[in-house]
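What follows is one structure encoded as structure tokens, with my remarks underneath.
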Amino acid sequence: MKILFIHQNFPGQFKHLAPALVERGHDVRCITLRVKEPGGWKGVKLYPYAIKRKPAQGLHPWMVDFETKMLRAEACYSVARQIRDAENYTPDVIVAHPGWGESMFLRDLWPTARIGLYGELYYTLKDTDTSFDPEFPKAHDDTESIRLRLKNINNMMHRQTVDLMISPTQFQASTFPEEYQDLISIIHDGIDTDVVRPNAKASFALDDDTVLTREDEVITFVNRNLEPYRGYHVFMRALPDLLKARPNAHVLIVGGDEVSYGAQPPKGTTWKQKYIDEVRGKIPTPNWERVHFLGKVPYDQFLSMLQISRAHVYLTYPFVLSWSLLEAMSIGAPIIASDTAPVAEVIKHGETGRLFPFFDGDRMVAEISTVLEDADMRAHMAQASRAMAVETYDLQNHCLPKQLDWIDSLYNMDPGALRS
């Protein structure tokens, strides 16, 4: 097959699938914003695209999001046309993450290609992140439904071109309207459970040369970036009581200072610093010295940290489920998590972890203490969560074979058979 991937930050969700297709002997290429020059990655031929126009000034605010996506789609289309004409190239299959709009016009260029899309999320007012957190109301709640409908123009445009879709979780698939559901296969990106596994001998060195092991009481909290969408504000506000309740615990916090999702922090600060400033005065210095902000850590260190964790805390709005939660499950870290829809899909209270209401910091502290006080409970949850990760989300035995079958299904379709 000739397979073309489209992803602004390739490989992203395709980091296992694309190399596996190369190993099968297929011609695999990608158009991406991530690189500046043509090159390669694990046998995938990379073509860069660049955005050459800035968004228009004075555009209606409801249309800014779509114009940004259209500019990317235009840039991607331009590079794709050059490849078609210069190399006489027509892909059999196009696999795209449509979230940034790049793949919007590729059907016009290659009408016979089968197009498969990664269905990450559809914007909706019901049971998702929108208006979930009352601390951060939308500026114009009365028009929020209009704004979201316009934000979905990109999804709607792709609905006209897609043949099949893939979505990593039931929750994420469920956000899409009924007319998408017959197209969606629910297949997770996959966790390499042979690599992401328990290690009784693991250790983790702090900057002051303190070395933590499984003999220490370690509480972990992980975000890509520390921000409200992943419950950083809830965790930080509970931190004074948590440190008081657990006088021997070290709290390890992983995450950057940028924004992955949602609104920007107040001007002149970061979400990380805003909530440090809010709680620091409530925490005595000896307790604060047991809090360790690690920033973004290399993957091997990240795994070592989870391997020594006695209580891994995870929160999220009703939104995309983080890989880090499933990695913590695969490692067997005892999990205390927010009772929100994407989490409840994998964490069963009392079995694979403990759940608490997202905004209830007191309950979170109580659940953490319950887990830390009960070694048998920790062992049971670790075994159950590891088993679920291996049985359901293992890369090599489950997810990757299903992804490859999904590619085969795309290739074997009559072009456009489901598109009408």
Taking only residues two or more places apart in sequence or in another chain, which ones pass side chain to side chain donor-acceptor pair (under 3.5 Å) with Lys151? Asp65

Judged by atom type as modelled, is there a donor-acceptor pair below 3.5 Å linking the side chain of Ser385 to the main-chain atoms of Ala382? yes

Here the pair of heavy atoms bringing Thr316 nearest to Thr340 is O-OG1, 3.0 Å

Residue among Tyr261, Phe359, Phe358 satisfying ring pair (Phe, Tyr, Trp, His ring centres under 6.0 Å) with Tyr317: Phe358

Any Phe176 side-chain heavy atom under 4.5 Å of Gln181 side chain: yes

To the nearest 0.5 Å, tell me how far His188 NE2 sits from Ser167 OG. 10.0 Å

With no hydrogens and no angle check, is any side-chain donor or acceptor of Thr161 less than 3.5 Å from a backbone partner on His158? yes

Using every non-hydrogen atom in the two residues, find where Leu400 and Leu17 come nearest and quote the distance to one decimal. CD1-CA, 3.9 Å

Rounded to the nearest 0.5 Å, what's the gap from CD1 on Ile336 to NE2 on His349? Could you check? 11.0 Å

Supply the atom-to-atom distance Ile3 CD1 to Ile407 CD1, rounded to the nearest 0.5 angstrom. 5.5 Å

Do Ile83 and Arg29 come within less than 4.5 Å of each other through their side chains, counting heavy atoms only? yes

Evaluate the side-chain proximity of Phe356 to Leu315: yes if any heavy-atom separation is below 4.5 Å, no if none is. yes

Can any side-chain N or O of Asp241 pair as donor or acceptor with the backbone N or O of Asp362 at less than 3.5 Å? no

Taking NZ in Lys296 as the centre, count heavy atoms belonging to other residues, nucleotides or ligands within less than 6.0 Å. Is the count above 12? yes

Below 30° counts as parallel, above 60° as perpendicular, anything between as tilted: where do the rings of Phe10 and Trp41 land? perpendicular

Could you tell me the separation between the CD atom of Gln301 and the CG atom of Leu294, rounded to the nearest 0.5 Å? 8.5 Å

Does Phe302 reach the side chain of Ser324, with side-chain heavy atoms less than 4.5 Å apart? yes

Is the charged tip of Lys15 near the ring of Trp323: under 6.0 Å from the six-membered ring centre and within 45° of its axis? yes

Separation between CD1 of Ile335 and OG of Ser309, rounded to the nearest 0.5 Å: 9.0 Å

Assess the pair Tyr49 and Trp100: is the distance between their ring centroids shorter than 6.0 Å? no

Tyr77 and Leu106: which non-hydrogen atoms are nearest, and at how many Å? CA-CD2, 4.3 Å

Distance-only, no hydrogens or angles: does the Arg378 side chain make a donor-acceptor pair with backbone N or O of Val371 under 3.5 Å? yes

Closest non-hydrogen contact found for Ile331 with Leu303 is CD1-O, 3.6 Å

Side chains of Glu227 and Glu258: closer than 4.5 Å at any heavy-atom pair? no

For the pair Asp192 (side chain) and Leu395 (backbone), establish whether a donor and an acceptor sit closer than 3.5 Å, ignoring hydrogens and angles. no

side-chain contact (heavy atoms from CB on, under 4.5 Å), that's the test. Do Gln8 and Arg72 meet it? Break it down for me. CA-CA 9 Å; Gln8 61 97 26; Arg72 292 189 180 221; 3.6 Å; yes

Atom pair CG/SG of Leu404 and Cys399 - distance to nearest 0.5 Å: 11.0 Å

Would the number of heavy atoms belonging to other residues, nucleotides or ligands and lying under 6.0 Å from CD of Glu345 be above 12? yes

For Ile146, is there any backbone N or O sitting under 3.5 Å from a side-chain donor or acceptor partner on Thr143? no

Will you find, in the side chains of Asp92 and His26, an N or O donor that is under 3.5 Å from an N or O acceptor? no

Working note: Asp108 + Arg81, criterion salt bridge (Lys or Arg N to Asp or Glu O under 4.0 Å); need CA distance, chi angles, decisive distance, verdict. CA-CA 10 Å; Asp108 301 271; Arg81 185 173 57 192; over 6 Å; no

Let's go through Arg147 and Trp62 carefully: what are the C-alpha distance in whole Å and the side-chain angles of both, what is the deciding distance for side-chain contact (heavy atoms from CB on, under 4.5 Å) to 0.1 Å, and is it a yes or a no? CA-CA 6 Å; Arg147 186 186 72 85; Trp62 289 346; 4.2 Å; yes

Looking only at side chains, do Gln172 and Thr169 share a donor and an acceptor under 3.5 Å apart? yes

Check salt bridge (Lys or Arg N to Asp or Glu O under 4.0 Å) between Arg354 and all other residues, then give those that pass, not counting sequence neighbours. Glu367

Is it possible for you to check whether Arg237 lies under 6.0 Å from the centre of the six-membered ring of Tyr275, through NZ or CZ, and within 45° of that ring's axis? no

Flag, side chain of Ser338 to backbone of Val343, donor-acceptor distance under 3.5 Å: no

For Pro240 against Ile283, the heavy-atom pair lying closest together: CG-CG1, 3.7 Å

Determine whether Val346 and Thr352 make a side-chain contact, defined as any pair of heavy atoms from C-beta on separated by less than 4.5 Å. no

Look at the rings of Trp288 and Phe293 and say which category their plane angle falls in: under 30° parallel, 30 to 60° tilted, over 60° perpendicular. tilted

Any donor and acceptor pair, going by atom type alone, linking the side chain of Arg290 with main-chain N or O of Arg246 inside 3.5 Å? yes

Do the numbers put Arg159 on top of the ring of Tyr180, so that NZ or CZ is under 6.0 Å from the six-membered ring centre and no more than 45° off the axis? yes

Would you please test Trp271 and Asn225 for side-chain contact (heavy atoms from CB on, under 4.5 Å) and show each step? CA-CA 9 Å; Trp271 289 122; Asn225 287 297; over 6 Å; no

Do Phe235 and Ile253 make a side-chain contact, defined as non-hydrogen atoms from C-beta onward lying under 4.5 Å apart? yes

One pair to check against side-chain contact (heavy atoms from CB on, under 4.5 Å): Asp189 and Tyr118. What are the steps and the verdict? CA-CA 10 Å; Asp189 312 326; Tyr118 188 93; 2.9 Å; yes

Would you say Asn88 has more than 12 foreign heavy atoms packed within less than 6.0 Å of its CG? no

Just wondering, more than 12 heavy atoms not from Glu179 lying within 6.0 Å of its CD? yes

Looking only at atom types and distance, does a side-chain atom of Ser185 sit under 3.5 Å from a main-chain N or O of Ile187, one as donor and one as acceptor? no

Give a yes or no on whether the ring-centroid distance for His250 and Phe204 is below 6.0 angstrom. no

Tell me whether Asp207 at atom CG has more than 12 heavy atoms from other residues, nucleotides or ligands lying less than 6.0 Å away. no

So, His7 and Gln13: side-chain donor and acceptor under 3.5 Å apart, yes or no? yes

Looking only at atom types and distance, does a side-chain atom of Arg386 sit under 3.5 Å from a main-chain N or O of Ser330, one as donor and one as acceptor? yes

Do you know the tightest heavy-atom contact between Ser322 and Tyr314? OG-OH, 2.8 Å

Please lay out, stage by stage, how Arg363 and Asp339 fare under the test salt bridge (Lys or Arg N to Asp or Glu O under 4.0 Å). CA-CA 11 Å; Arg363 176 72 177 276; Asp339 190 5; over 6 Å; no

Do you know which of Phe132, Tyr229, Tyr122 makes ring pair (Phe, Tyr, Trp, His ring centres under 6.0 Å) with Phe319? Tyr229

Any Pro228 side-chain heavy atom under 4.5 Å of Glu135 side chain: no

